[in-house]
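Presented below is the structure to which this report refers.
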Amino acid sequence: MIGILALQGGVVEHAQLLRACGATVREVRTPAGLEGLDGLVLPGGESTTMTLGIAREGLAEPLRRFAASGRPLLATCAGLILLDRDHLGVLPIACERNAFGRQIRSFESDVTVAGLDDGPIRAVFIRAPRVTEIGPGPPGVEVVAEVDGAVVGVRSGAIEGYAFHPELTDDARIHERFVAAVAAAGGGARDAA
Ligand code: GLN
């Protein structure tokens with residue numbers, strides 16, 4: 001069972017794509033919602049609103065515990081911001097919000113993601129952040145994607161975060177790999193609810 005933090009933001013798109021990859025999915029709004037999950041998605045949206053919701057629901061510590069448990073965690077855009085030092089502090093990184101100008105419009109770019117074979121991914125950026133500082137760890141953080149010299153993808157063990165929106169394209173490779181990682185971790189992402 002994979003959870004998607006559903007306080008705000010792009011929940012539905014992640015859910016559809018995860019289900020298309022064979023996973024069972026649950027929306028998470030409270031600490032109890034995290035119980036029994038094998039993997040977790042922190043979606044894009046608006047990180048300030050999500051942070052307020054996390055505080056309201058008492059989710060900060062449970063989310064940190066989930067991340068520290070070694071279960072796979074996929075964070076996109078505002079979700080990546082939530083992982084940084086100034087938010088949940090799950091990873092020793094700093095993010096700059098709206099790092100690609102203040103444009104309302106999105107832009108797309110072909111981005112090579114380390115470990116994803118079969119060529120670059122078509123990445124959709126919407127008021128996207130970039131990672132401006134990494135480390136010192138622990139945990140160690142590796143850069144897995146860059147665009148024009150900006151870090152837009154990081155990985156630390158089972159935690160992966162992207163500044164773009166892999167749930168908004170037809171290219172399901174990031175979600176497929178994530179669902180496979182959840183299953184391989186013994187999580188039975190594909191089990192019936
Ligand atoms: N700019 C948003 C924020 O700072 C993130 C944008 C997104 O998730 N698409 O929270």
Side-chain angles (χ1 to χ4, degrees), residues 2-18 25 27-29 33 39-60 62-64 66-67 72-111 113 116 120-134 141 143-156 159-175 177-178:
I2 295 176
I4 306 175
L5 185 67
L7 299 171
Q8 186 267 337
V11 176
V12 173
E13 295 83 355
H14 276 293
Q16 282 171 348
L17 202 44
L18 290 169
V25 174
E27 296 188 2
V28 173
R29 295 187 180 80
L40 179 66
V41 173
L42 303 181
E46 215 288 312
S47 54
T48 304
T49 308
M50 284 192 208
T51 300
L52 290 171
I54 286 169
R56 186 186 64 232
E57 301 298 336
L59 270 162
L63 287 170
R64 286 189 197 105
F66 185 94
L73 195 163
L74 169 66
T76 61
C77 205
L80 171 64
I81 296 171
L82 293 181
L83 296 181
D84 81 3
R85 275 188 199 124
D86 290 339
H87 294 83
L88 292 173
V90 164
L91 296 181
I93 60 173
C95 292
E96 178 190 0
R97 295 174 63 186
N98 307 317
F100 297 91
R102 301 188 67 85
Q103 79 272 32
I104 299 299
R105 68 176 191 286
S106 59
F107 70 97
E108 295 186 18
S109 183
D110 288 324
V111 177
V113 177
L116 270 197
I121 198 154
R122 188 80 189 149
V124 178
F125 293 83
I126 305 172
R127 294 187 294 284
R130 70 185 175 110
V131 177
T132 52
E133 284 174 45
I134 296 182
V141 177
V143 173
V144 296
E146 292 180 77
V147 69
D148 296 336
V151 174
V152 293
V154 292
R155 173 180 280 279
S156 175
I159 301 171
E160 55 188 317
Y162 304 99
F164 51 88
H165 289 268
E167 77 282 13
L168 294 182
T169 58
D170 293 336
D171 190 336
R173 282 179 289 163
I174 285 180
H175 286 73
R177 186 175 63 171
F178 177 69

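Remember, it's a predicted structure, so these values are computed and weren't measured experimentally. In each ligand, atom 1 is the first atom listed, and ligand 1 is the first ligand listed.
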Crowding at CG, D148 (>12 non-hydrogen neighbours, <6.0 Å): no

Heteroatom distance test (T48, ligand 1): nitrogen or oxygen, under 3.5 angstrom: no

Which residue and heavy atom of the protein sit nearest atom 4 (O) of ligand 1, plus the separation: R97 NE, 2.6 Å

Region of H165 that comes within reach of ligand 1 [heavy atoms, distance under 4.0 Å]: side chain

Contact (N/O only, under 3.5 Å) between T76 and ligand 1: no

Short N or O distance, I81 and ligand 1, threshold 3.5 Å exclusive: no

Donor-acceptor contact present, side-chain T132 to main-chain A94, <3.5 Å: yes

N-O pairing of E108 and R122 below 4.0 Å: yes

R173 side chain vs P120 backbone, donor-acceptor pair below 3.5 Å: yes

Polar side-chain atom of E46 near backbone of T49 as donor-acceptor pair, under 3.5 Å: yes

G45 N/O under 3.5 Å from ligand 1 N/O: yes

Nearest-neighbour protein heavy atom for atom 7 (C) of ligand 1, which is reported as residue plus atom name and distance: C77 SG, 2.7 Å

Heavy atom of the protein closest to atom 10 (O) of ligand 1 (residue, atom name, distance): S47 N, 2.5 Å

All N/O donor-acceptor pairs, side-chain side in residues 72-93, below 3.5 Å, sequence neighbours left out:
{"unit_1": "T76", "atom_1": "OG1", "unit_2": "H14", "atom_2": "NE2", "d": "3.1"}
{"unit_1": "T76", "atom_1": "OG1", "unit_2": "G44", "atom_2": "N", "d": "3.3"}
{"unit_1": "D84", "atom_1": "OD1", "unit_2": "D86", "atom_2": "N", "d": "2.9"}
{"unit_1": "D84", "atom_1": "OD1", "unit_2": "H87", "atom_2": "N", "d": "3.1"}
{"unit_1": "D84", "atom_1": "OD1", "unit_2": "H87", "atom_2": "ND1", "d": "2.8"}
{"unit_1": "D84", "atom_1": "OD2", "unit_2": "C95", "atom_2": "N", "d": "3.3"}
{"unit_1": "R85", "atom_1": "NH1", "unit_2": "E133", "atom_2": "OE1", "d": "3.0"}
{"unit_1": "R85", "atom_1": "NH2", "unit_2": "G135", "atom_2": "O", "d": "2.6"}
{"unit_1": "H87", "atom_1": "ND1", "unit_2": "I81", "atom_2": "O", "d": "3.3"}

G44 N/O to ligand 1 N/O under 3.5 Å: no

